[in-house]
Amino acid sequence: MPEDPAPTDGSDPSRGVYGISVVSDLLGTGVQNLRAYERAGLLTPDRTAGGTRLYSPDDVARLRRVQRLLAEGLNLVGVGRVLDLEDNLADAHEQLDRARDPQAPTSSS
DNA sequence: TTTCTAACA
DNA sequence: TGTTAGTA
C-alpha cells in the first residue's frame, strides 16, 4: 500500500513524498522500472530510515521526461546524458539571470 | 516495501 | 537493451 499522503504544503517541490507505487501508477509503469531508472542513475529519490524510496514532485517531473525520451528512442544512458545537460542548462540560466539583474525577484520580495 | 533472477520483444 | 513477472 502507498505511503502517507504527507501533509506537504507544496513549499518544497524537491522534498515531496510519494511512495513508489503511487509514482508507478502516476506514470503508468511498474515499480521495477522506477528502480531500474534509479539504478541507471537517472534519478536518486530520497530514502526513509527503513530504506523505502520517497519520490519528490521534482522526481516525478524528471521521470516524465525519462519516459518521454525513452519513447523518442533513446536508451537509458542517452536519457541520463540529456537529463544531465538539461539540468546543467537550467542552472546556467539561473546564473545568467542573476548576473543580468542582481535584484531580480527570485520568487518573492 | 526491498532485492534478485529469469524470460521476452 | 529495456520491460515484465515471479520470488524470497
Side-chain N,O (Arg53(A)) to OP1/OP2 (dT1(B)) below 4.0 Å:
no

Please report, rounded to the nearest Å, how far the P atom of dT1(B) is from the OH atom of Tyr18(A).
16 Å

What integer distance in Å separates Leu69(A):CG from dT1(C):C1'?
16 Å

Could you pull out all residues at least two apart from Ser56(A) that satisfy side chain to side chain donor-acceptor pair (under 3.5 Å)?
Asp59(A)

Go through the structure and list residues passing side chain to side chain donor-acceptor pair (under 3.5 Å) with Asn88(A), not counting sequence neighbours.
none

The criterion is salt bridge (charged side-chain N to carboxylate O under 4.0 Å, His left out); which residues satisfy it with Arg65(A), sequence neighbours excluded?
Glu86(A)

Arg100(A): what forms a salt bridge (charged side-chain N to carboxylate O under 4.0 Å, His left out) with it, not counting sequence neighbours?
Asp97(A)

Side-chain polar contacts of residues 42-51 of chain A - donor-acceptor pairs under 3.5 angstrom, sequence neighbours left out - could you list them?
unit_1	atom_1	unit_2	atom_2	d
Arg47(A)	NH1	Gly51(A)	O	2.8
Arg47(A)	NH2	Glu38(A)	OE2	3.4
Thr48(A)	OG1	Gly50(A)	N	3.3
Thr48(A)	OG1	Gly51(A)	N	3.4
Thr48(A)	OG1	Thr52(A)	N	3.0

Determine whether Arg62(A) and Asp87(A) make a side-chain contact, defined as any pair of heavy atoms from C-beta on separated by less than 4.5 Å.
yes

Hey, does Val60(A) have a side-chain heavy atom less than 4.5 Å from the side chain of Tyr18(A)?
yes

Pair listing, salt bridge (charged side-chain N to carboxylate O under 4.0 Å, His left out) test, anchored in residues 66-79 of chain A, at least two apart:
Arg68(A)-Glu72(A)

Which side-chain N or O atoms in residues 27-35 of chain A pair as donor and acceptor under 3.5 Å with protein atoms at least two apart or in another chain?
unit_1	atom_1	unit_2	atom_2	d
Thr29(A)	OG1	Asn33(A)	ND2	2.5

Strictly below 4.0 Å, heavy-atom distances to any atom of DNA chain C: list the hits from residues 41-49 of chain A, or just say none.
none

Taking protein heavy atoms under 4.0 Å as touching, what does nucleotides 2-8 of chain C look like 5' to 3' if B marks base contact, S marks sugar-phosphate-only contact and - marks none?
SSBBB--

Watson-Crick or G-U stems involving DNA chain B, each at least 3 pairs long, distances under 3.5 Å, ordered by first number:
B:4-9 with C:1-6

Give, for atom CD of Gln67(A) and atom OH of Tyr37(A), the distance between the pair rounded to the nearest 0.5 Å.
5.5 Å

